[in-house]
Colleague: 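Here it is, the structure in full.
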Amino acid sequence: MTIRLHDTLSGELQPLEPLEPGHVRIYSCGPTVYGPAHVGNFRSFLFADLLVRYLRYRGLRVTWVMNITDIDDKIIRGARADRASIEGLANRWIERFLADASALRMTSPDVLPRATRHINEIVLLIEVLLAKGHAYRVEDGSIFFRISSWPEYGRLARLDPENLRVGERVEADEYGKDDVRDFALWKGPKADEPSWTTSLGPGRPGWHIECSAMSMRHLGESFDIHTGGVDLVFPHHEDEIAQSEAATGTRFVRTWLHCAHLRMGGEKMAKSTGNFARVADLLGAGVPARAIRYVLLAVHYRQGLDYSEATVEAATAALDRLDTAVAALDAYESDHGDDATVGGLLDGTRAAFETALDDDLNVSAGLAAIFDVVREANRRLAARSISTGDAARIAALIRDLDGVLGILPDAAEALEPDLAALIEQRRTARANREWARSDELRDELAGRGITVEDTRDGQRWRRTEAGR
RNA sequence: GGCGACGUGGUGAAGUGGCUCAACACGGAGGUCUGCAAAACCUCUACUCACCGGUUCGAAUCCGGUCGUCGCCUCCA
C-alpha cells in the first residue's frame, strides 16, 4: 500500500517516498494578505490540508509550512489607499485569513512564515545567485534572474521560453532588464515604497524569491511536496525551481501538486475579474462552514469545480445524512449480542477509504466508502440486528476517517440545562400522549437549533447548522 | 497562435480493456414504518458514457479525427 500523487513536473503519478523516511516535508503557497481570501483560494489551502491530514492519518510525520506574502505591489497600493502602514494592513488581513481558515477547519500549518521576516534569507540567496552568475543588477538597484542561464526553464509549465508572449505588460521599474523574460529577485528602492537596507543595497524582495528562501529555511534545500493552485505553475513555481536549483545545485522539490481552479458561473474565480465569493461573506450570509468545506473537498483536487448555491445545498443535505447517521449510532441501545459480521464491515470500509485516498487523494471514492457504511449501519439499526457496542464501533470508525475529512460536527457538547429540561418535558408529554404539547416543544427546540426526532426508543436530538 | 486539462443520468461525480457496462451524493416518483413530523429502509429514476471512425474475442476505458468547455502563456490559490 503506497500513497501515489500526481506530480506536475513529470506529469505522472509517483509513489510518495519521503527524503527522510517517515517524515514528509510540505510547503504550500499561502495567501497574499492585501485583502480577504475567497473560497477559490481556500480550495488550494484545503486540498493541502486534506493531504496533510491523510498523511498523518497514515502514520507519517508531517512538517507543513504555508507562507504568507506580506509585502508586494498590491499590499503597498492597499496601504496607501487606506493610509495604513504596510505592517498594519498585513496584520489585519492575516488575522482575517486565520479566522477564515479556522472557520473552515483548516489544520494549522506548523510554520506560517512571513516574507518580511525572512529578508536575510532572501538576501543570502540572491547573493549566491549573483555570485554564480545567474543574476544581474540593473541601474535602479533591482536584481533580475537571468533565464538564459537556466536551460531547464519552462519544464514545469511545459512552455518554450522562446515562445513566451512577452512585452505586453512590462512594468516601469523593470526597464533595463537584459531580457524581458527575466524576473525580479530584488526590486530597487522607490521613494514611496518600503525598503530594506541590506548588503544588496536598499530595496525589497520580489515575489518568487520569498518562497524559495522560506521553504529552504524551514524545510531544507530539498523537500518532498510543494502545493499551490494551477495558476502558480507559471511563472511562480517555474521561477522558484530556476532560482532555487541554480543556487543550490540540487533538486528543489520532489513532487509538485497543483489543484484546479474553483469556478463560479463557469468562469475561474478571481479577484481581478470580480468573480469571487469571500469566505466571511458566505458565512455571514448563513452558508454553513462545514458545507463550504465539503464543497471544496468533495471533488478531486485536479478536477475543475464550479461553486454555486446548488452545490452548497447538495453538500448540506449530504452532511445532514452523515450527521443523522452518527447521531443514530450514538443513541442506539440494544441488548442484542455482538454481530460477527460487523468486524468485516469495518475493515472493508477502512480498506476502501484508504485505497481511494492512496490513489492521488481520490476523495470522491473515499466519501463513497463512508456513505456505503452509513447505509449499511442504518439498515442494521433499523433491523436492530447489532449490539450497542457494534454501533459504537461503527461510529468510532466514521469519526476516525473523518479525522482526514473534517466534516462531521464537533463532538457533541453536553446539552444546555434549559434545553435538556425542554427535552425532558417533551418526554413526559409524550408518555402522557399529549401530542399538541409535544409538537409545541419540538418547534421550540427547533427554533433553538435542536432537531428532535422520535424513534421507537424515544427521542433523539442533534444540533442543526443554524443553531451553531 | 503555443501548451495543457476535460466532456459519464435531472445535477455533482467515481470508474481508464471483461470481475453488477456504470459507485457515491443531491434531486424526483412510489412504498414501509410512524399520533403527526422527521429520519431511516425498500423499489424505480443513464441498455448508456460529446460525436465519428479504428484496434480488440471484448472499450466509457486504447488509437485517430471532429465538435465543445475551461485554464496557462509573467496580477493570480
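Chain A is the first sequence line, chain B the second, and so forth, proteins listed ahead of strands; every chain is numbered from 1. We use all heavy atoms of the structure for the numbers below, so side chains are in, but hydrogens, waters and symmetry mates are not. Given the structure is predicted, the values throughout are model-derived calculations rather than measurements.
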Colleague: Going by atom types only, do H118(A) and H218(A) share a side-chain donor-acceptor pair under 3.5 Å?
Modeller: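 Yes, because at least one side-chain N or O of H118(A) sits under 3.5 Å from a partner of the opposite role on H218(A).
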
Colleague: Could you tell me how far apart W256(A) (CH2) and rC72(B) (P) are, to the nearest whole angstrom?
Modeller: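 Those two atoms, CH2 and P, are 18 Å apart.
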
Colleague: Would you mind checking if D439(A) and R442(A) are paired as a salt bridge, meaning a charged N to carboxylate O distance below 4.0 Å?
Modeller: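 Judged by the 4.0 Å cut-off on N to carboxylate O distance, R442(A) and D439(A) do form a salt bridge.
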
Colleague: Just the rounded figure in Å: distance from C1' of rG2(B) to CZ of F234(A).
Modeller: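 The distance from CZ of F234(A) to C1' of rG2(B) comes to 12 Å, rounded to the nearest Å.
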
Colleague: Looking at every strand, decide which applies to H258(A) at a 4.0 Å heavy-atom threshold: base, sugar-phosphate, or nothing.
Modeller: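 The residue H258(A) makes no contact with any strand.
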
Colleague: Between rA23(B) and rU16(B), how far is it from one C1' atom to the other, in whole Å?
Modeller: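 Result for the C1' pair: 15 Å, nearest Å.
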
Colleague: Would you give the length of the straight line joining atom CG of L296(A) to atom CG of L50(A), rounded to the nearest 0.5 angstrom?
Modeller: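 If we round to the nearest 0.5 Å, L296(A):CG and L50(A):CG are 11.5 Å apart.
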
Colleague: Would you call D402(A)-R53(A) a salt bridge at under 4.0 Å N-O?
Modeller: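 R53(A) and D402(A): not salt-bridged.
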
Colleague: Examine the base of rC70(B) for any acceptor or donor lying under 3.5 Å from a partner atom in the side chain of K268(A), and report the outcome as yes or no.
Modeller: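 Absent.
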
Colleague: Rounded to whole angstrom units, what separation is found between the CG atom of L305(A) and the C1' atom of rC6(B)?
Modeller: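 Rounded to whole Å, this separation is 14 Å.
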
Colleague: Quick one: what's the B/S/- string for nucleotides 25-38 of chain B, heavy-atom cutoff under 4.0 Å, read 5' to 3'?
Modeller: SS--------BBBB

Colleague: Could you give the distance separating rG53(B) and rA14(B) at their P atoms, to the nearest angstrom?
Modeller: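 Result for the P pair: 28 Å, nearest Å.
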
Colleague: Rounded to whole Å, how long is the line connecting atom CG of D360(A) with atom P of rG15(B)?
Modeller: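 After rounding, the gap between these two atoms is 10 Å.
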
Colleague: Report the distance from atom OH of Y307(A) to atom C1' of rC70(B), rounded to the nearest whole Å.
Modeller: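 Distance, rounded to whole Å: 20 Å.
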
Colleague: C1' atom, rC76(B) versus rA40(B): distance in rounded Å?
Modeller: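 It comes out at 47 Å once rounded to the nearest Å.
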
Colleague: Between D72(A) and K74(A), is the closest basic N to carboxylate O distance under 4.0 Å?
Modeller: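 Answer for the salt bridge query: no.
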
Colleague: Scan K74(A) against the nucleic acid and name what it touches under 4.0 Å (heavy atoms): base, sugar-phosphate only, or nothing.
Modeller: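 It contacts base atoms.
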
Colleague: Looking only at atom C1', what distance separates rA13(B) and rG7(B), rounded to whole Å?
Modeller: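 13 Å, rounded to whole Å.
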
Colleague: Working note: R146(A) + D182(A), criterion salt bridge (Lys or Arg N to Asp or Glu O under 4.0 Å); need CA distance, chi angles, decisive distance, verdict.
Modeller: CA-CA 5 Å; R146(A) 191 185 304 282; D182(A) 291 345; 5.1 Å; no

Colleague: Scan G11(A) against the nucleic acid and name what it touches under 4.0 Å (heavy atoms): base, sugar-phosphate only, or nothing.
Modeller: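 Touches nothing.
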
Colleague: Between rG17(B) and rU61(B), how many Å separate the two P atoms, rounded to a whole number?
Modeller: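 Pairwise P distance, rG17(B) against rU61(B), rounds to 11 Å.
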
Colleague: Return the 5'-most residue of the pair T311(A), D239(A) with respect to RNA chain B, ranking by each residue's nearest nucleotide.
Modeller: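 Comparing both residues, the 5'-ward one is T311(A).
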
Colleague: Whole Å only: how far is the CG atom of D160(A) from the C1' atom of rC72(B)?
Modeller: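 Result: 15 Å.
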
Colleague: Using the P atoms only, state how far rC36(B) lies from rA22(B), rounded to an integer number of Å.
Modeller: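 Going atom to atom, P in each nucleotide, I get 39 Å.
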
Colleague: Hey, which of these two, P235(A) or A260(A), hits RNA chain B nearer its 5' end, going by closest nucleotide?
Modeller: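 Nearest nucleotide further toward 5': that of P235(A).
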
Colleague: Without decimals, in angstroms, what is the distance between D231(A) CG and rG4(B) C1'?
Modeller: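 The answer, rounded to whole Å, is 14 Å.
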
Colleague: Give the nucleotide from the list rU74(B), rA13(B), rC70(B) with an atom nearest to the side chain of V299(A).
Modeller: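 Of the options given, the side chain of V299(A) lies nearest rA13(B).
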
Colleague: What distance, rounded to whole Å, do you find between the two P atoms, one in rC52(B) and one in rU8(B)?
Modeller: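 So the two P atoms sit 16 Å from each other.
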
Colleague: Please tell me if N362(A) has a side-chain N or O lying less than 4.0 Å from either OP1 or OP2 of rA13(B).
Modeller: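 Answer is no, no contact under 4.0 Å.
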
Colleague: Report the base-pairing partner of rC67(B) (Watson-Crick or G-U wobble, both distances below 3.5 angstrom), or none.
Modeller: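 The answer is rG7(B), by the H-bond criterion.
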
Colleague: Nearest to the R379(A) side chain among rC41(B), rA39(B), rA77(B), which nucleotide is it?
Modeller: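 Of rC41(B), rA39(B), rA77(B), rC41(B) is nearest to the side chain of R379(A).
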
Colleague: Under a 3.5 Å limit for both distances, which nucleotide forms a Watson-Crick or G-U wobble pair with rG30(B), could you say?
Modeller: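 In the structure as shown, rG30(B) has rC42(B) as its Watson-Crick or wobble partner.
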
Colleague: Does the pair R399(A)/D330(A) count as a salt bridge with the N-to-O cut at 4.0 Å?
Modeller: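 Salt bridge flag = yes for D330(A) with R399(A).
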
Colleague: Base, sugar-phosphate alone, or nothing: which one does Q303(A) contact when heavy atoms must sit under 4.0 Å apart?
Modeller: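 The answer is sugar-phosphate, as Q303(A) gets under 4.0 Å only of primed atoms, P, OP1 or OP2.
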
Colleague: Under a 3.5 Å cut-off for both distances, is rG1(B) Watson-Crick or wobble paired, and to whom?
Modeller: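 Matched rG1(B) with rC73(B) under the 3.5 Å cut-off.
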
Colleague: Would you indicate what L381(A) reaches in the nucleic acid, counting non-hydrogen atoms under 4.0 angstrom: base, sugar-phosphate, or nothing?
Modeller: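 Since no nucleic acid heavy atom lies under 4.0 Å of L381(A), the category is nothing.
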
Colleague: What about the rings of F252(A) and F223(A), do their centers lie closer together than 6.0 Å?
Modeller: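 Ring centroids of F252(A) and F223(A) are less than 6.0 Å from each other.
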
Colleague: Please say which of F276(A), F97(A), Y307(A), F47(A) ends up in a ring pair (Phe, Tyr, Trp, His ring centres under 6.0 Å) with F42(A).
Modeller: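 It is F97(A), the one option of F276(A), F97(A), Y307(A), F47(A) that forms the ring pair (Phe, Tyr, Trp, His ring centres under 6.0 Å) with F42(A).
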
Colleague: If the C1' atom of rC62(B) is compared with that of rU55(B), how far apart are they to the nearest Å?
Modeller: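 The answer is 8 Å between these two C1' atoms.
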
Colleague: Answer with base, sugar-phosphate or nothing: what part of the nucleic acid does G304(A) contact at a heavy-atom distance below 4.0 Å?
Modeller: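 Sugar-phosphate, no base atom in range.
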
Colleague: Whole-Å distance between rG71(B) C1' and D306(A) CG?
Modeller: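 In whole Å, rG71(B) C1' and D306(A) CG are 14 Å from each other.
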
Colleague: For rC62(B), give the paired nucleotide (Watson-Crick: N1-N3 plus N6-O4 or O6-N4; G-U: N1-O2 and O6-N3; both under 3.5 Å), or none.
Modeller: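 Across any shown strand, rC62(B) pairs with rG54(B).
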
Colleague: Which nucleotide wins on minimum distance to the side chain of L159(A), given the candidates rA77(B), rG15(B), rC73(B)?
Modeller: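 Closest of the options to the side chain of L159(A): rC73(B).
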
Colleague: Could you walk me through whether R204(A) and D73(A) pass the salt bridge (Lys or Arg N to Asp or Glu O under 4.0 Å) test, one step at a time?
Modeller: CA-CA 11 Å; R204(A) 64 181 172 95; D73(A) 294 353; 2.7 Å; yes

Colleague: Looking only at the side chain of A365(A) (C-beta and beyond, no hydrogens), which of the listed nucleotides rA14(B), rC3(B), rC70(B) gets closest?
Modeller: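 Of rA14(B), rC3(B), rC70(B), rA14(B) is nearest to the side chain of A365(A).
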
Colleague: Applying a 4.0 Å non-hydrogen cut-off, can you work out what V233(A) is touching in the nucleic acid: base, sugar-phosphate, or nothing?
Modeller: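 No contact.
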
